[in-house]
Number of protein chains: 2
Amino acid sequence: MSSDRVNRRDLILSVASELFRERGYDATSVREIADAVGVTEAALYYHFKGGKRELLEAVFECEMPDFKRVIETCADKETFAELTACLLRQFKETGRETMERFRWFLSEFANLNPDERRIFQQRHVEFQKNLAALLEQFVDDPRDARFLALGIMSLFIGYGQIFWALDLESVVDVQPEDVIGTIIKYMKL
Amino acid sequence: MSSDRVNRRDLILSVASELFRERGYDATSVREIADAVGVTEAALYYHFKGGKRELLEAVFECEMPDFKRVIETCADKETFAELTACLLRQFKETGRETMERFRWFLSEFANLNPDERRIFQQRHVEFQKNLAALLEQFVDDPRDARFLALGIMSLFIGYGQIFWALDLESVVDVQPEDVIGTIIKYMKL
DNA sequence: GTCTATAGGCCGATAGAC
DNA sequence: GTCTATCGGCCTATAGAC
């Protein structure tokens with residue numbers, strides 16, 4: 001069937017994506033990917049003529065974290081407390097997956113070429129700008145709004161890397177709202 | 001000379017450590033390490049009978065981040081502002097290297113066995129407890145002190161991963177004192 | 001302790017039949 | 001499009017001479 005054919009490439013991509021994230025690019029062989037999909041290496045090379053490296057590029061593209069939805073969901077809040085509560089809620093719902101991707105991009109950063117790095121960096125700059133725009137409602141100095149946006153971003157990502165990627169949650173028994181929430185509780189805004 | 005002989009093992013270790021951090025464990029071959037040291041593979045296997053895996057274990061041990069010095073340096077501060085300023089100063093001085101190691105441990109987490117993971121996690125729990133103890137001077141609720149310690153840790157590590165490991169500093173042009181300092185500026189402590 | 005030589009395996013990639 | 005078969009190369013690791 002035609003749809004089977006069309007989907008075959010996507011299937012390879014999603015399997016490769018999972019294995020790359022699980023074991024890392026260098027530790028994953030084309031053989032393993034082909035086996036997991038249930039095709040031969042030769043078939044895989046038919047779909048990805050650029051070989052393993054093209055596979056990586058395709059995974060980069062489709063696994064790139066996207067923060068647009070987070071900003072959109074929290075755009076209409078009228079107080080700082082409501083805004084941060086909304087961000088925290090989003091983080092608890094979808095942050096785990098985003099943080100796993102972030103960890104992978106970070107660990108594979110050495111395998112990216114300058115262009116690919118730029119794209120990933122640009123995503124974060126974009127998020128920072130959007131968040132800063134939201135914060136300007138509650139902060140007089142736009143410079144402060146920008147720095148606060150970066151700080152909040154650091155706080156969330158720091159939590160994600162320590163407690164989820166490093167699995168410290170299994171040792172310490174805290175929740176995002178405890179750690180991030182307490183910092184925010186002490187902020188005069 | 002005897003000292004040459006004693007140091008040979010350490011030399012291999014430091015070269016391996018650098019290559020592992022630069023390219024990752026899986027992407028670094030024993031051949032490359034031996035070449036970089038200037039010995040043959042066979043000589044390397046004489047010093048590390050457990051092969052590549054033993055090399056990794058040894059690197060884990062000697063590259064493990066240690067926060068003791070940070071806590072000691074900032075232990076005598078009398079206000080929250082002084083304490084955070086001291087932490088920020090330490091971070092600017094030695095944080096870059098610590099954060100590079102953190103990034104590496106994070107990216108190689110899948111290659112660690114449960115025991116090794118525990119040791120790394122334990123280091124962070126220890127730091128958190130020490131920092132919480134310092135914060136109890138300025139915060140009434142010990143529970144809040146603990147959560148604030150975790151939050152501050154998240155903030156610093158988040159900054160390090162985003163702006164240094166991801167090299168966002170080259171795109172955004174901020175400094176740790178801008179981002180972390182602004183968050184702290186808005187805290188009522 | 002360090003070397004040379006080599007075993008044995010998995011790697012990425014391709015040719016050519018169907 | 002998918003297969004079988006295969007190539008040359010690099011990998012980890014070891015045996016044995018010096």
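Just so it is clear: chains get the letters A, B, ... in the order the sequence lines come, proteins before strands, and each one is counted from 1. All of these numbers come straight from a predicted model, not from anything done at the bench.
Cation-pi geometry between K49(B) and Y46(B) is met: the NZ or CZ atom falls under 6.0 Å from the ring centre, inside 45° of the normal.
Taking the six-membered ring where tryptophan is involved, the planes of Y25(B) and F20(B) are perpendicular, since the angle between them exceeds 60° and thus also 30°. Ring geometry for F67(B) against F127(B) counts as tilted: the plane angle lies between 30° and 60°, on a 0 to 90° scale.
For L55(A) and dA13(C), the CG to C1' distance is 13 Å, given to the nearest whole Å. Residue I33(A) contributes atom CD1, which lies 14 Å from atom C1' of dA13(C) at whole-angstrom precision. To the nearest angstrom, P of dT2(D) lies 12 Å from CZ of F48(A). Y46(B) has its OH atom 13 Å from the P atom of dC3(C), to the nearest Å. In this structure, the CD atom of E54(A) is 11 Å from the P atom of dA13(C), given to the nearest Å. Regarding K49(A), its NZ atom lies at a distance of 10 Å from the P atom of dG1(D), rounded to whole Å. A straight line from CG of L44(A) to C1' of dT14(C) spans 14 Å, rounded to a whole angstrom. Taking atom OH of Y45(B) as the reference point, atom P of dC3(C) lies 15 Å away to the nearest angstrom.
Nearest heavy-atom pair across F48(A) and A58(A) is CE2-CB, 4.3 Å.
Residues of residues 17-30 of chain B that place a heavy atom closer than 4.0 Å to DNA chain C do not occur.
Classification of R146(A) and D178(B) as a salt-bridged pair fails, no side-chain N sitting under 4.0 Å from a carboxylate O.
Side chain of R8(A), nearest nucleotide from dC3(D), dT2(D), dT2(C): dT2(D). Picking from dC3(C), dT2(D), dT12(D) the nucleotide with the shortest atom distance to the side chain of E41(B) gives dT12(D). The side chain of R31(A) approaches dC11(C) more closely than any other nucleotide in the set dT14(C), dC3(D), dC11(C). Comparing dT12(D), dT14(C), dG12(C) against the side chain of A42(A) picks out dT14(C) as the nearest. Side-chain proximity of H47(A) to dT12(D), dG12(C), dT2(D): nearest is dT2(D).
Proximity of T40(B) to the phosphate of dT2(C): no side-chain N or O atom is located under 4.0 Å from OP1 or OP2.
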Query raised in the report: Given M64(A) and I119(A), is the side chain to side chain contact (heavy atoms under 4.5 Å, CB included) satisfied, shown in steps?
Result: CA-CA 9 Å; M64(A) 189 88 68; I119(A) 294 169; 3.4 Å; yes
Just distance, no hydrogens or angles: give the donor-acceptor pairs under 3.5 Å from side chains in residues 148-160 of chain A, sequence neighbours left out.
residue, atom, partner, partner atom, Å
S154(A), OG, L150(A), O, 2.9
Y159(A), OH, E169(A), OE2, 2.9

